[in-house]
Structure formats: structure tokens, C-alpha cells
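Heads up: the structure comes next, in C-alpha cells.
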Amino acid sequence: MAKRLPGLPRRQRLIGLWLLLSGVSIFGGATFALWLDTLFKPEGLARLALWMGCFSGGGTIFLVGLLLERQLFTPLRHLQVQLARLVANPDARDDYPPEGWLRSLGPDLVRVRDAWRADRGRLATAHAEGARSAARIRQELETLLQVLDTPLLLCDQHRRVLLFNQAAETLFEGHHGLGLGKRLEALLPAASLQDALGQLPGDGSPREVLVPCDERWLRAVLRRVPGSHGESLLTLTDTTAAWTSEMGARAELLDSLPRLRRHSASLTSAADALTTLRGASGEMRGRLEKVIDEESQALGRDIEELASLVERMQHEGERLVPLWSNDLWAALNERQADPTLRVVPVGMPAWFKGDATALLVLLDSLLEALRSHLGGGELEGEVCLGNRRVYLDLVWRGQPLGERQLNEWQQQRLDDLPLSPRVADVLRQHASDAWSLADADGEHARLRLPLPATERVGAPRPATEPRPEFHDFGIAELPPPDAELAARPLRALEVVAFDTETTGLELRRGDTVISIGACRIVNARLLASEVFDVRVDPGKPIPPASTAIHGITDADVAGAPPLPVVLPRFRDYVGDAVILAHNAAFDLLALQPPGAGVTLDMPVLDTLLISRALDASLDGHDLDSLADRYDLSFPPGTRHTALGDARVTAELWLSLLPRLEARGIETLEQALALQNSALTKEDACAS
């Protein structure tokens, strides 16, 4: 929401001056005519000529002004709007053909516009072959990035992120430090990583470093890209589970081995001594028997502990990862050459831990073993939850498998797995077993596999749509991050466009923020998916008049974090960027109430002021008018939403860029100077 600014645009002032001059002239003419009429007392045509002559000046001024407004000034304004739209977007629609005294310019303007578009078309055709090849390579790269499970980051010599993939986005989910053009230090601030990056050899030899990230430990493999301008590639692996296992169950297992050896040596010595005293009796024999008994009990306890440690190691194994049961059934069905032997999921799906590859090969062999037992037909796959285990059941109509069949199946070799383990070995890897039982209805039977449970709940997130914003190698050509910001080219700026929705317009009387939306522009490119969109609890009811504008109700902000919690997150999202808003003074005041604790002290660009400075003679510099002027559109339902208005503000900035450059305004310092020049002009309104 934006507050209306005082003052009238220049056109209204000009019209007011014209009407004032006309009125003064007519009034003066009437007064003069009345004085002459009283003085000379003319009659007939002379009196009519007297009055018409006195009114002619004011009437002429009024008629000439009206004629100029209709035939010249209005066509000039329309021509200015059309030219501004064409500069911002040569393919924009043509709503204002020349009219009035400029009508003769119509064919020329159409010719210039068509020639411009034709030249662009011929240029695009000339580069079509190269562009087609580049597009194919880019598409293959983006596809590879989307399906690759290993998190990747590519940084330039200034450690700005040039590329990342979906696996990296998943690894750093919710972290505002990940984004194109952002510094690696904001994502992984470990000094060891920065030192390792600074010492990478130029031949591409890898270097490894362990990096803390929140409560996780990441193993980073670093390589300098050979023949590049200092770009570095990072591949990341979450080693938290491996280190937990290494320092936990495995360490305890290693600690238990000396005790087992000690118990074994004591038993062996006692047994040897007892053998030599076979015919003896008395105190020595009793002592030896007591030693054997104590060591046997201690050995039994240690063996139980050892079994528990082995089970923990199996649960913590790196290959045992959370699996979604429906995904497992779907992957199993895809492996079947016989379409009649399929598994139909029933019941509620669930998560469990397992080695997906090994389980698929195991279940595939089980289906093959069941083929002769069932004689064809579909099976049902069901997941049952236990206290600490998840039971994976294959259900069929008929009798359960016999013990001999199960034993034979467990001794089968799985040649599709490394080292051809037996089925029993894979079951042991999962601390599992297999048994068959009849259902209570007497018609169905099932084979049950107990598997380790996991704390994960809820269905998997839906697959994200492909997006073109995982890489931008042009970032490497931008000025260094520590270069003087004021002298940085406008197209090289990292810009965060933001907007707020509030409980009302009286910010100094208690109205406050209820929604913050923002999106990023990097290398003059809008990253529409890297957004900040958060609701804020205002701590007070939202007036119905405000809800009628932005549609946010008290229920929508119930449970949302308060502004002091959201502001640091927003500041982290902004990072080192310049911020952009439409009528920024209002939004900045909304985000920095007294005692906010977070200062937004970076440079601020205001599309309202820039538009007023560029087109002082035009009416309408509110967001709706400018969106229409530059052929921008709000998707349905996004107007007066914080994120929707922020996105259109970002698109408006990209449309203003060519016009600023056409006037020689190419740096941030020049843009701010132009913007400040509009602060003294009260010739525009914004809402």
C-alpha cells in the first residue's frame, strides 16, 4: 500500500494557469466594456461591437488554449508515452497513434517502428544457428543440474555463486544465503573453506574440507576450473550421519574389542589351568571355576552390547536412507517385464529406512520366487507401522509360503548387487528377517519384512517445476563486490525489489506491516523464483477497509511471526543488494518503526521518483498507470499483494533501464541524483 503524495502534476498547473489567464482576461474585458458602455452609451451594432471587442482577448486566449490542448499538447503526451513504451519494449502494443496536428507523423512512426522490429528480426535470424546450438547445450546443462543428486556450487573469483542445482537448493532449503550472485561467505562462512578456496591449485586438483553448516557437517570437494578466470567448483556431501556412526557406534565397537580379547584370554587361561588340575579339588579349583563363571557372564554382556552396537551401525548405515513406500512400489513395478505380476499399493503409505537399490533387487527376486507359487496375478503392497519398525508386506490370495521355501529364497544370490550377496545378507544389512503368515480372513496370505523406522512424516514434496534460474555465468563479468557501489553500472547492480501490505496508511499512528514480499534482480535479470514472501502478525486487528484492498484477514496472519522476528530474515535476504520500491518512503517507514532493531541502510531506488523525473509532464505515476504505460501486467489476484506488487516493480525497473541509459544515466550515483531531483517536484500522485 502506498500513501498518496500531495501536489499537482505540471499539466494540471498549466491548465490552471491557462484558465486563470482566460478568466482574468474575460473579467477585465467585461469590466472595460461596462466602463465604455457607461461612458459613451453606444446603441445597436456599436454597442455589440464594443462588448465583442472587449471579450475578444479573453475568448481568444481560451479558444487558442483549447485548440493547442486538443491538437498539440495531448498528441504530444500520447507520443511521449508511445516512445517510452517502445524504448522499454520494442514489441509493446501501439495504443497511441499520432493524432491532431501530429497525425502526419503516423506513417513515419509506423515505418520507424516496423523497421526497428524488422532489424531485430533479421538480427535474430542471423544468430539463429548459434543460438540454437547454445540453447541445446543450455537445456542439456539445466536437465543435468535438475537430475543430479550431488549438490553443486560454482563460484567466480570473487566467490559469487554462478550456478547451483536443485540438490543444492534442497540441501540449503530455507537458507537466504543461497542465490545467484550472492557471496559464498553468506552461505558457508567457515574460515577453513575460504582459506582452502584461496589456495586451490590451478590444474583442477581436488581439495577436501569439512565445513559446519548449522547442525550438520558437510564434506566439500573443491576444484579450480582449469582455463577459467578463477572459477571454483564445490561438490557437497552431508557427512553428519557417517560421522555420527564413526564417532558413535563404531567407536564404541572398537572400544569393546579389547574387553572381548581380555575376557577371552582370561577364559582361556582359566580353562588351561583347570585342565591341568583335572583331578584336584579344593580352594584352587573353586577359584578357577569362579573366574570362568565371572568371565563368561562378562563376555555374555559384552556380546549383547556388541549385538546392540551392530544393530545401531546398521540403522546408521550410509546406504540406509529414508524411503517413501509408494515410490518403492512404483520403482518395483517398473522393473517387471511381466505386466501381470504387479504390486498394487493399499493402505496408507509411510516412510522407512532402507537401501533402495538392494531392496528393489531383493523384492524382484521375491516376486520371481512367488511367480510359480501364485500362478500369476497382482499382489498388494501394504505398510504397517510398529513401535520401532515398519512392516513391509506383500499380500496375495492363497496360502502362506512354507518355511523351506523361505529358507531357499534367503540363500539365493543376488547377482545384480556388488559381491553377489545372499538375500539373507541384505536382510541382515537392514537388521531384518522375513516370514510368511495367513491373514485373519482365511483367504489371503502375506510375506512380511520388518524394516527400520524413521522420524520423517508427511508425503514427499511435489517435484518442482523446471526453472531457468540455476545459473548465470554473466555474473563473473560483473564488477568485484568490493568495488565502489556508487560507480557501479545500473545493469551490474544486485537489486531487491520489495513491497509491503499494512493495516492502514497511518504508520505514525499505529498502523503496521502484515505482509512483506520481495524478489531479486541479478545481472539485469529478474529471478522470479528466488523470492521472499512472509506474512506478519501485526498484534492488532486488521480493519475491514484495509482487508477490502489487499484481501488479508486476521485469520491469514494468525500464528505468523511478529515484525521483529521477520525483519532480520528480510535483512539476510537483501544481503549486499540495493533495494527498490515504488514510493519507497512509505515502505521503508513501515519496515523501520521505532525500536525495530534492524536498519536498512543500503541505497534505495524508487521507481515512482525515477518515473516522475523522466516524464514530469505526464500524468499518472502510480503503479497501475506505469504498468499500463510500459505494457506490464499483474497476474490475476496479485495486485495489492506484497509479492505481486514487488514483481511488477522489478519489471518496471527493467523497463526504465533503457530510458535511463538513453539519457546517459548509467551508474547508481547518477540514478540517485536523478531520483533526488524529483523530490522537490510535486507533480505526480501515487497510490
Side-chain angles (χ1 to χ4, degrees), residues 1-5 173-176 457-459 461-462 464 496-520 528-574 579-600 604 606-608 622-624 627 633-652 685-687:
M1 299 176 67
K3 193 172 181 179
R4 182 171 296 275
L5 299 178
E173 182 179 7
H175 199 305
H176 294 307
V457 296
R461 292 190 309 168
T464 56
V496 168
F498 79 99
D499 187 66
T500 63
E501 297 299 328
T502 63
T503 57
L505 300 177
E506 301 296 333
L507 298 178
R508 300 187 187 278
R509 297 184 180 179
D511 283 324
T512 185
V513 175
I514 55 176
S515 177
I516 304 175
C519 54
R520 296 176 62 232
S529 297
E530 294 185 18
V531 301
F532 185 91
D533 188 16
V534 178
R535 296 281 173 84
V536 180
D537 184 0
K540 58 183 292 187
I542 302 175
S546 297
T547 299
I549 297 175
H550 47 58
I552 300 176
T553 64
D554 292 330
D556 294 328
V557 297
L563 188 60
V565 174
V566 175
L567 277 180
R569 300 180 192 172
F570 178 67
R571 184 64 184 86
D572 291 341
Y573 175 82
V574 173
I579 56 177
L580 170 78
H582 192 78
N583 192 13
F586 179 85
D587 295 297
L588 287 175
L589 181 61
L591 289 183
Q592 297 189 102
V598 175
T599 302
L600 301 176
V604 181
D606 191 334
T607 49
L608 169 64
D622 57 278
L623 196 55
D624 288 309
S633 61
F634 293 89
T638 62
R639 180 63 174 118
H640 291 301
T641 66
L643 182 58
D645 288 358
R647 280 178 168 160
V648 172
T649 300
E651 294 172 357
L652 175 59
C685 297
S687 61

Worksheet item: Closest approach of Gly517 and Ala646, non-hydrogen atoms and distance?
Response: O-CB, 3.6 Å
Worksheet entry | Under 3.5 Å donor-acceptor, Asp511 side chain and Glu506 backbone | yes
Item to complete: Using the test side-chain hydrogen bond (donor to acceptor under 3.5 Å, both in side chains), find all partners of Ser515 that sit at least two apart in sequence or belong to another chain.
Response: none
Response to the item:
Here the pair of heavy atoms bringing Arg535 nearest to Pro561 is O-CD, 3.8 Å
Discussion item. For Glu651 versus Ser633, what's the shortest heavy-atom pair and its separation?
Written reply: OE1-O, 4.4 Å
Fill in: Ile542: partners by side chain to side chain contact (heavy atoms under 4.5 Å, CB included), with sequence neighbours left out
Thr503, Ile514, Pro538, Ser546, Thr547, His550, Ile552, Asp554, Val557
Worksheet item: Does Pro593 have any side chain to side chain contact (heavy atoms under 4.5 Å, CB included) partners at least two apart in sequence or in another chain, and if so, which?
Response: Leu563, Ala596
Practice prompt. Name all residues meeting the side chain to side chain contact (heavy atoms under 4.5 Å, CB included) criterion together with Ala581; count only those two or more places apart in sequence or in a different chain, and write none if there are none.
Written response: Phe498, Ala584, Asp587
Worksheet item: Using the ring of each side chain (for Trp, its six-membered ring), is Tyr573 parallel, tilted or perpendicular to Phe532, with breaks at 30° and 60°?
Response: tilted
Item to complete: Determine whether Val566 and Val513 make a side-chain contact, defined as any pair of heavy atoms from C-beta on separated by less than 4.5 Å.
Response: no
Response to the item:
Tightest non-hydrogen contact, residues Arg571 and Thr599, listed as NE-O, 3.7 Å
Discussion item. I'd like to check Phe586 versus Thr502 (side-chain heavy atoms, cut-off strictly below 4.5 Å). Are they in contact?
Written reply: yes
Discussion item. Using every non-hydrogen atom in the two residues, find where Asp499 and Thr641 come nearest and quote the distance to one decimal.
Written reply: OD2-O, 4.2 Å
Item to complete: Let me know which of Asp645, Thr607, Asp622, Thr649 forms a side-chain hydrogen bond (donor to acceptor under 3.5 Å, both in side chains) with His582.
Response: Thr607
Worksheet entry | Any Val536 side-chain heavy atom under 4.5 Å of Thr512 side chain | no
Worksheet item: Tell me, do Arg647 and Leu643 make a side-chain contact under 4.5 Å, heavy atoms counted?
Response: yes
Discussion item. Under the rule for side chain to side chain contact (heavy atoms under 4.5 Å, CB included), what residues qualify as partners of Pro564, not counting sequence neighbours?
Written reply: Pro562
Discussion item. Between Arg639 and Val648, is there a side-chain heavy-atom distance shorter than 4.5 Å?
Written reply: no
Worksheet item: Just by modelled atom types, is the Asn583 backbone N or O under 3.5 Å from a matching donor or acceptor in the Asp606 side chain?
Response: yes
Worksheet item: With a 4.5 Å heavy-atom cut-off, do Phe634 and His640 have their side chains touching?
Response: no
